[in-house]
Student: 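Before anything else, here's the structure in question.
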Amino acid sequence: MALTRRALGGLSLGGGAALTLAACGGNDGDSGGSGKTEIIWAISSAWTSWNENTQSGNNSYGHQAMTPMTPWGQTGGEFAPDGTFHYDDAIFAAAPELVSEAPMQIKYVLNENAQWSDGNPVRLEDFIFQWYSVSGNVAHANQEKALPASIDWGSQIASIEQAEDGSILVTYAEGYSDPEWLFSSTVYLPSHVAEANGFADWQTDPEVMGDAIQYFEVTAPTADGQGVLGTGPYKVVDAKLGEYVVYEINENYQGSIKPTIEKLTLRVIEGSEAITTEMRQGTIDGAWPSEFSEEENAKIAENPDFAMETYAGSVWQHFDSNTQNKFLKDVELRKAVFTAINVQDICDKNYPETGVKQKLSHFFLPDSPYWVDHITATGQGSGDVEAANAILTAAGYTTGETLMSPDGEAVTFNMRYADSNPVRKLAAELAQASLAEIGIALELVAIPDGELGNVLAEADFDLIIFGWIGSAAFTVQPSQYFHTDSGSNYGKYSNPVADEAIDKVRSTFDLDEAAQFANDVDAIVAPDAYTLPLFDEPQVFYVNKAVLEGPVVNPASQAGPLWNIREWKIV
């Protein structure tokens, strides 16, 4: 069973999109005839947490590394390439059902054999554990320990109970509605593992719950039931945070699609050049590079055994401001900075042959019926130095070779970028050159490999470039990016008018109305020059087709080509 979505929209850094439902077919279990029993897939950067619920764990690379073991889509459902949503039949016996609109109540029917990889059953407490992890409620967990990436879903739940027929009923707060309720979060972390490791009182003691959340952040999953266990097709047999995860088939997997790869290793290889080298040497069988390199793609194309899939992706790069910075807290300075930066030049120099264009909406792709250009009218990204100087002069700054603040202080701050990502590095360098034209000496400070999550969570930046990675759901994104209380609002942007508009996005069951509310939010936040969209990044993945079959293009999934890993086969 599949449920259709009409438009790709919202994006997330990692596994934060709300998901849950529909069924797929199986495969024949034939592992082919190449003689190989192991597949090695490259993850293009490190990660710093095992718990995707948290601010530091809300990271694409960790999400990819843990995809083979976790519930489908992290929370029990996944988008197929055509935008239809499929529930994970390893957990659910049927699609969720909206049984009431006031209050909103959703009914979930479990697969009677639903179980974690250690054989323990999926249970009511697992739903509650997920709720408490991301509720933002101090009565549920110490929030200094929980540090949820988003509380948009969890903060709206009134109760989670089990009915007499065994189904799970989630009841939301009075007055709350969600047009994308089908994709809501459900099951992610195994509550029984928390209880077995010293956190038995997690339901009644917020300190214990906070400690349990931290336990899942730092404890590597193991074959003997430590850390994050999954309900997915593979189980962890060895892992090291930010470096690799080794999987074998999960004999307790209850899904209809049976995995066939006896050993699967996902390991970090930083940078497209290194990935290409490893592919050509035969030490890896495939990869989803974090940047699109025309030069490296050409090398892969030379080998007839390699398949290279390029597509218009749902990953977008952007510059964010830290509004706590003593200079960038001034919205007029932020406007001038973003006006001076030439985004199309950044696109053209990074992708001279691909034809990438400036991104003009925070929430929707250009082919969405909901897409509206909210950027052009602001002048942001235009590279118009004269207009930038006019903004500064009107705000009391002294322009010239060195920009001076109204208080007579030289304006300077830094830009953080990923050390091994040439696209982001070049974008930072071009921004540096643009800002020099308005008298700002921008300091470029590289982010060490694997440290992006920590840099964001600690707001250790003035300006920063990074990417959000996509989902076909959009209604959670305005809150995640821009709400004052969002854990993913890394630059601490706050606008009460925006908060009020954000609250309306999920105040309706009508998707078209929700999209209009999202565009209303964009119209408010875009002029505040907190986030400057750069471009929807073209995507590519590589596969040694002489060894591996199964990876397919899926711009709707945050797991990219790994979304259907349970269907992969050795050739």
Student: Does the side chain of Q203 come under 3.5 Å of the side chain of Y132 through a donor N or O and an acceptor N or O?
Tutor: no
Student: Compare all side-chain heavy atoms of N58 with those of L456 and state whether any distance is below 4.5 angstrom.
Tutor: no
Student: For the pair N342 and S434, evaluate side chain to side chain donor-acceptor pair (under 3.5 Å) and give the outcome as yes or no after the intermediate values.
Tutor: CA-CA 7 Å; N342 189 326; S434 293; over 6 Å; no
Student: Would you say the ring centers of W181 and Y172 fall short of 6.0 Å from each other?
Tutor: no
Student: Using only heavy-atom distances, determine whether the side chains of D82 and T84 contain a donor-acceptor pair under 3.5 Å.
Tutor: yes
Student: Could you tell me whether the side chains of Q105 and T171 share a donor-acceptor contact shorter than 3.5 Å?
Tutor: yes
Student: Minimum heavy-atom separation for L241 and T48, please, with both atom names.
Tutor: CD2-O, 3.7 Å
Student: For a quick check under 3.5 Å, do D320 and Y493 share a side-chain donor-acceptor pair by atom type?
Tutor: no
Student: Between N554 and N564, does any side-chain donor sit less than 3.5 Å from a side-chain acceptor?
Tutor: no
Student: Could you tell me whether a side-chain N or O of N519 sits under 3.5 Å from a main-chain N or O of Y370, the two making a donor and an acceptor?
Tutor: yes
Student: Does atom NZ of K145 have more than 12 heavy-atom neighbours from other groups under 6.0 Å away?
Tutor: yes
Student: May I ask you to check whether F461 and Y490 place their ring centers less than 6.0 Å from one another?
Tutor: no
Student: Which heavy atom in K349 sits nearest to a heavy atom in D345, and how many Å separate them?
Tutor: NZ-OD1, 2.5 Å
Student: Just checking, any donor-acceptor pair under 3.5 angstrom between side chains of N53 and Q130?
Tutor: yes
Student: Please confirm whether the ring centroid of F338 lies under 6.0 Å from the ring centroid of F319.
Tutor: no
